[in-house]
Visitor: 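The structure that follows is given in the form of structure tokens.
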2 protein chains.
Amino acid sequence: MYQSPEYRQLTDYLHVQGLNVTPERMEVLSLVLKQKGHFRIEDLIRNSARRKKSISRATIYRSLKTIEQAGLIKSIRSINDEKIYEIVKGHHDHMICEQCGAIIEFHNSELESLQDRICNSRNFTASRHVMKIFGICSACQKKQE
Amino acid sequence: MYQSPEYRQLTDYLHVQGLNVTPERMEVLSLVLKQKGHFRIEDLIRNSARRKKSISRATIYRSLKTIEQAGLIKSIRSINDEKIYEIVKGHHDHMICEQCGAIIEFHNSELESLQDRICNSRNFTASRHVMKIFGICSACQKKQE
DNA sequence: GAAATAATTGAGACTGAATCTCAATTATTC
DNA sequence: GAATAATTGAGATTCAGTCTCAATTATTTC
Ligand SMILES: [Mn+2]
Ligand SMILES: [Mn+2]
Ligand SMILES: [Zn+2]
Ligand SMILES: [Zn+2]
């Protein structure tokens, strides 16, 4: 148990930081890995609550922050500023449907390199970026017709 | 008094919405127009508090939302998720320095049209977008040397 | 491996931004 | 200008997120 690369990555990070590898931290990661797509912290808290040995809200918040710092997850703000997490895979940006809340991922290398060029031209050293396009998804457009 | 185009735009919006043109709403707009660059709602509250006839926190929040809906201002999230407002001029995106908090505006039409093309190819009808690049500004880089 | 030391957790208190409530005030309609 | 409707102010409330601190669990020392 706890041997997929994600657990390795977390334990490595904990070791580097001089933090203990605790059952709670590993369990929060396991709750995260059970999620499909984008999820809210309340989903984790609810899922944990219905286990025999539930983890406190405070510890879920604390561990999730650690897991984020370990580079395993990141967060975005969806409609209404709702904080949404996702497992870090390849970099991508988001289209967010203002009607149904759907979050559509996309990646465009032309867009990425153009951003690099813009930053270079202004002597800005970029470490990350957030690009969200809000509008109406194709499914919702069909419903309107 | 209250005759610049911004006040017209707000009164027009209020009329369309069937809302009253009140001294408080106009005063909040005037507080906004006094701001230079990006500002926080707390700045407005503080500035209002040091006037003879101050406006309540609740009304500043309410009026600012109305002014935003009227299309006069919009908000972005800076470092630490701090909510920052700015007066709507031409569309632009932001580079945000993680060191000093500086917010650098930029506009690149190539970037904008590329986004349109990406949305078209996915049948997503975009209404707006948010693009923030985080990193270190040129001034802070010089300081490091 | 038991005692001493250090880190982590859980429960609930606390915080701060934002919203809501509702009586009092102000504006609009009749 | 009386009746009606909208807005405001003060403070209560909400909600996500953080903090506190005693109790628990893990690590280190001998
Ligand atoms: Mn995603
Ligand atoms: Mn700006
Ligand atoms: Zn949709
Ligand atoms: Zn800087």
Side-chain angles (χ1 to χ4, degrees), chain A residues 2 7 10-11 13-32 38-70 73-85, chain B residues 2 7 10-11 13-32 38-70 73-85:
Chain A
Y2 295 155
Y7 293 105
L10 180 55
T11 51
Y13 177 80
L14 293 173
H15 286 143
V16 168
Q17 298 294 314
L19 299 170
N20 291 346
V21 177
T22 65
E24 288 81 3
R25 283 170 177 155
M26 290 297 123
E27 172 68 7
V28 172
L29 177 54
S30 123
L31 288 168
V32 165
H38 303 90
F39 59 93
R40 296 160 305 152
I41 201 162
E42 281 304 324
D43 297 331
L44 302 185
I45 291 167
R46 191 145 17 78
N47 287 350
S48 168
R50 65 164 66 109
R51 299 283 190 89
K52 44 255 155 190
K53 219 278 176 193
S54 71
I55 299 169
S56 74
R57 167 176 302 268
T59 297
I60 291 182
Y61 268 95
R62 286 186 283 230
S63 299
L64 207 64
K65 185 170 281 183
T66 305
I67 291 168
E68 186 171 13
Q69 288 162 347
I73 58 172
K74 63 192 172 82
S75 69
I76 58 166
R77 293 274 178 175
S78 183
I79 310 177
N80 286 116
D81 276 338
E82 193 185 21
K83 196 167 193 174
I84 301 280
Y85 288 88
Chain B
Y2 294 156
Y7 293 105
L10 180 56
T11 52
Y13 176 81
L14 293 173
H15 286 142
V16 168
Q17 298 293 314
L19 299 169
N20 291 345
V21 178
T22 64
E24 287 82 2
R25 284 173 176 150
M26 290 297 123
E27 171 67 9
V28 173
L29 177 55
S30 122
L31 287 167
V32 165
H38 303 92
F39 60 92
R40 296 160 307 150
I41 201 161
E42 281 304 323
D43 297 330
L44 302 185
I45 292 167
R46 191 144 17 77
N47 287 351
S48 168
R50 67 165 67 108
R51 299 284 190 88
K52 43 254 153 187
K53 218 278 176 193
S54 71
I55 299 170
S56 73
R57 168 175 299 269
T59 296
I60 291 182
Y61 268 96
R62 286 187 284 232
S63 299
L64 207 65
K65 184 170 283 185
T66 305
I67 291 168
E68 186 171 14
Q69 287 162 346
I73 59 172
K74 62 192 172 85
S75 69
I76 58 167
R77 293 273 177 175
S78 183
I79 309 176
N80 285 117
D81 275 341
E82 194 185 21
K83 197 167 194 174
I84 301 281
Y85 288 88

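The sequence lines fix the lettering, A, B, ..., with proteins before strands; numbering per chain opens at 1.
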Visitor: Using atom CG of Leu19(B) as one end and atom C1' of dA27(C) as the other, report the distance to the nearest whole Å.
Guide: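 Those two atoms, CG and C1', are 13 Å apart.
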Visitor: Can you give me the closest heavy-atom contact between Asp43(B) and Arg40(B), atom names plus distance?
Guide: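 Shortest heavy-atom separation between Asp43(B) and Arg40(B) comes out as OD1-NH2, 2.7 Å.
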Visitor: When the distance from CD of Glu24(A) to P of dA7(C) is rounded to whole Å, what number comes out?
Guide: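 Value for this atom pair: 17 Å.
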Visitor: At a heavy-atom distance below 4.0 Å, what parts of residues 45-58 of chain A sit against DNA chain C?
Guide: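 Those residues are Lys53(A), Ser54(A), Ile55(A), Ser56(A), Ala58(A).
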Visitor: Tell me: CG of Asn20(A) to P of dA6(C), nearest whole Å?
Guide: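 Atom CG in Asn20(A) sits about 13 Å away from atom P in dA6(C).
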Visitor: For Ile84(A) and dA16(D), give me the distance from atom CD1 to atom C1', rounded to whole Å.
Guide: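 Rounded to whole Å, this separation is 13 Å.
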Visitor: Any side-chain N or O of Thr22(A) under 4.0 Å from OP1/OP2 of dT9(C)?
Guide: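 Thr22(A) to dT9(C) OP1/OP2: side-chain N or O found under 4.0 Å.
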Visitor: Taking 4.0 Å as the cut-off, does a side-chain nitrogen or oxygen of Lys65(B) come that near to OP1 or OP2 on dA18(C)?
Guide: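 Indeed not, no polar side-chain atom of Lys65(B) lies that close.
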Visitor: Is any side-chain N or O of Arg25(B) closer than 4.0 Å to OP1 or OP2 of dT7(D)?
Guide: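 It does, given that an N or O in the side chain of Arg25(B) lies less than 4.0 Å from OP1 or OP2 of dT7(D).
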Visitor: List the atom of Glu24(A), the atom of Ile55(A), and the distance in Å for their closest heavy-atom pair.
Guide: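 Where Glu24(A) meets Ile55(A) most closely, the heavy atoms are O-CD1, 3.8 Å.
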Visitor: In this structure, how many angstroms lie between the P atom of dA6(D) and the CD atom of Gln17(B), rounded?
Guide: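 Spelled out: CD on Gln17(B) to P on dA6(D) is 14 Å.
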Visitor: Drop me the distance from Glu27(A)'s CD to Tyr2(A)'s OH, to the nearest 0.5 angstrom.
Guide: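 Glu27(A) CD to Tyr2(A) OH: 5.0 Å, rounded to 0.5 Å.
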Visitor: Need to verify one output field. Residue with the more 5' nearest nucleotide on DNA chain C, Arg62(A) or Tyr61(B)?
Guide: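 Nearer the 5' end of the strand: Arg62(A).
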Visitor: Starting from the C-alpha separation in whole Å, work towards a yes-or-no answer on side chain to side chain contact (heavy atoms under 4.5 Å, CB included) for Thr66(A) and Tyr13(A).
Guide: CA-CA 9 Å; Thr66(A) 305; Tyr13(A) 177 80; 3.9 Å; yes
Visitor: Evaluate the ring planes of Tyr85(A) and Phe39(A), with Trp represented by its six-membered ring, and classify them as parallel (under 30°), tilted (30 to 60°) or perpendicular (over 60°).
Guide: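 Geometry flag for Phe39(A) against Tyr85(A): parallel rings.
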Visitor: To the nearest Å, how far apart are Leu10(B) CG and dT7(D) P?
Guide: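 In whole Å, dT7(D) P and Leu10(B) CG are 12 Å from each other.
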Visitor: For atom NZ of Lys65(B), is the number of surrounding heavy atoms from other residues, nucleotides or ligands below 6.0 Å larger than 12?
Guide: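 12 or below, so no.
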Visitor: If I take atom CZ from residue Arg25(B) and atom CG from residue Leu10(B), how far apart are they, to the nearest 0.5 angstrom?
Guide: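 It is 8.5 Å, given to the nearest 0.5 Å.
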Visitor: Would you kindly give the CD-to-P distance between Glu82(B) and dG16(C), to the nearest whole Å?
Guide: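 Those two atoms, CD and P, are 14 Å apart.
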Visitor: What is the distance, to the nearest angstrom, from the CE atom on Met26(B) to the P atom on dT7(D)?
Guide: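 Spelled out: CE on Met26(B) to P on dT7(D) is 12 Å.
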